[in-house]
Amino acid sequence: MKTLDSTPKKDGFRMPGEFEPHQGVYMLWPQRPDNWRNGGKPAQKTFAKVAETISEFEHVTVGVNDDQYANARHLLAGDVEVVEISSNDAWMRDCGATFVKNDRGGLRAVDWTFNSWGGLEDGLYFPWDKDDRVAQKMAELEHVDRYRLNDFVLEGGSIHVDGEGTLITTEECLLSQGRNPQLSKEQIEEVLKQNLNLEKVIWLKKGIYLDETNGHVDNIANFVKPGVVALAWTDDKTDPQYEISKENLDILERTTDAKGRKLKVVKLLVPKPVLITQEESEGVDAVDGTLPRTEGERLAASYVNYYTANSGIVFPLFDDPMDKVAKKTLGELYPDRKVVGVPAREILLGGGNIHCITQQIPTI
Ligand code: KQY
């Protein structure tokens, strides 16, 4: 694996949309007791279910720390590949590589700097050195060269692309003080354009209410295909989520994409507020420097945090009446894919959801 000193745009590589074909997907294994309750045991079962569900559609590789190798191998389905990749936590979307491809069968990795969603400013745990090495290890495992951005912090969950030159992100996240405070909005946009081969960046304002990632876009909006965006929505005007979603809807409806198309926006209704229970709160180790999990706190629950697999959609269930509505909406959005829900409260309790724990490798 070589580290390249060019950029994907100069070299003719682009980031495909998630809805384009995949070779497979990577995940990591949850275990840290200051983020996952009861030593990570309930979360591990949920991650294993997500992996098994995705493996119906594409190859799944799960990276685990050595001390969890035997347990992970035992809990994960036989056709899920388990490899040793050290990590500080289990958010593959965010610390993993972003893959870019060209039209001649070339595949490369973009390895952004990872700093635990805000470094010493407002990051979620310390240290994050193992997480920051995950993308390089993926490039080694996939036998591809990589671009390493030592001076640019980015998590994969903070971007979505349409594969045709357009990216959506949020100002709340990309302009946050803990990422790249030395860069202007225009400079950040230029780094994205160079490294993902884009023509247009659409800036939403904020992500899901109380999202601890500073508002990752992957919890609030997603490209279903070029020209179509799914947006997390509530009709309840008393919910703080309403104003956030409405502001983003207005932006999406006013804008055009890189090809000059107007966007069609489809609303994906959020569940009723999901709150941390006393039992859940008490199951998490309280550690200085890690975000506490306090009883009664609202979690950033959204069906938009789904994974688009080859011929499948794997979406979170919250044991809420809206689960059925989400399945119906996703079925209409993806008529050629099988839509499968996985109970995902345990992932949500850790601060993210199914999209956040996956990272696809495009086909070449
Ligand atoms: O939502 C994500 N992309 C990750 C959330 C990380 C939370 C760490 N506690």
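In what follows, every heavy atom counts, from backbone to side chain, and hydrogens, waters and symmetry copies are set aside. Every number for a ligand or one of its atoms is a count from 1 in the order of the listing. What you are looking at is a predicted structure, and each value in this text was computed from that prediction instead of being measured.
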Sub-4.0 Å heavy-atom approach of Leu291 to ligand 1: no

Specify the protein heavy atom at minimum distance from atom 1 (O) of ligand 1: its residue, its atom name, and the distance to 0.1 Å. Cys356 SG, 2.9 Å

Can you say whether the rings of His355 and His160 are parallel (under 30°), tilted (30 to 60°) or perpendicular (over 60°)? tilted

Classify the angle between the aromatic ring planes of Tyr307 and His22 as parallel (below 30°), tilted (30 to 60°) or perpendicular (above 60°). tilted

Which part of His216 is near ligand 1, with near meaning a heavy atom under 4.0 Å away: side chain, backbone, both or neither? side chain

Please determine whether a side-chain nitrogen of the Lys or Arg among Glu243 and Lys237 lies less than 4.0 Å from a carboxylate oxygen of the Asp or Glu. no

Which of parallel (below 30°), tilted (30 to 60°) and perpendicular (above 60°) describes Tyr303 and Phe315? tilted

Using a plain distance cutoff, I'd like to know if Asp94 has any nitrogen or oxygen under 3.5 Å from a nitrogen or oxygen of ligand 1. yes

Just jot down the ligand 1 atoms closer than 4.0 angstrom to any heavy atom of Gly352, in number order. 1 (O)

Do other residues, nucleotides or ligands put more than 12 heavy atoms under 6.0 Å from the NZ atom of Lys9? yes

In terms of side-chain heavy atoms, does Asn214 have a donor or acceptor partner in Ser176 at a distance below 3.5 Å? no

Going by distance only, is there an N or O of Asp89 that falls short of 3.5 Å from an N or O of ligand 1? no

So is Arg293 close enough to ligand 1, meaning a heavy atom under 4.0 angstrom away? yes

If you count the atoms of ligand 1 from 1 in the order shown, which ones are under 4.0 Å from a heavy atom of Gly350? 7 (C), 8 (C), 9 (N)

Quick one: is the NZ or CZ of Arg345 closer than 6.0 Å to the six-membered ring centre of Phe318, and within 45° of its axis? no

Angle between ring planes, Trp36 versus Trp91, binned at 30° and 60°: parallel, tilted or perpendicular? parallel

Sub-4.0 Å atoms of ligand 1 with respect to non-hydrogen atoms of Thr213: 1 (O), 2 (C), 4 (C), 5 (C)

Nearest heavy-atom neighbours spanning Val161 and Leu167: CG1-CD1, 3.9 Å

Of the side chain and backbone of Tyr125, name the one, both, or neither that has a heavy atom under 4.0 Å from an atom of ligand 1. neither

If you scan protein heavy atoms around atom 5 (C) of ligand 1, the nearest is Gly351 O, 3.3 Å

So is Glu212 touching ligand 1 or not, going by heavy atoms under 4.0 Å? yes

Below 4.0 angstrom from a heavy atom of Asn35, which ligand 1 atoms are there? Numbered from 1 as shown, please. 9 (N)

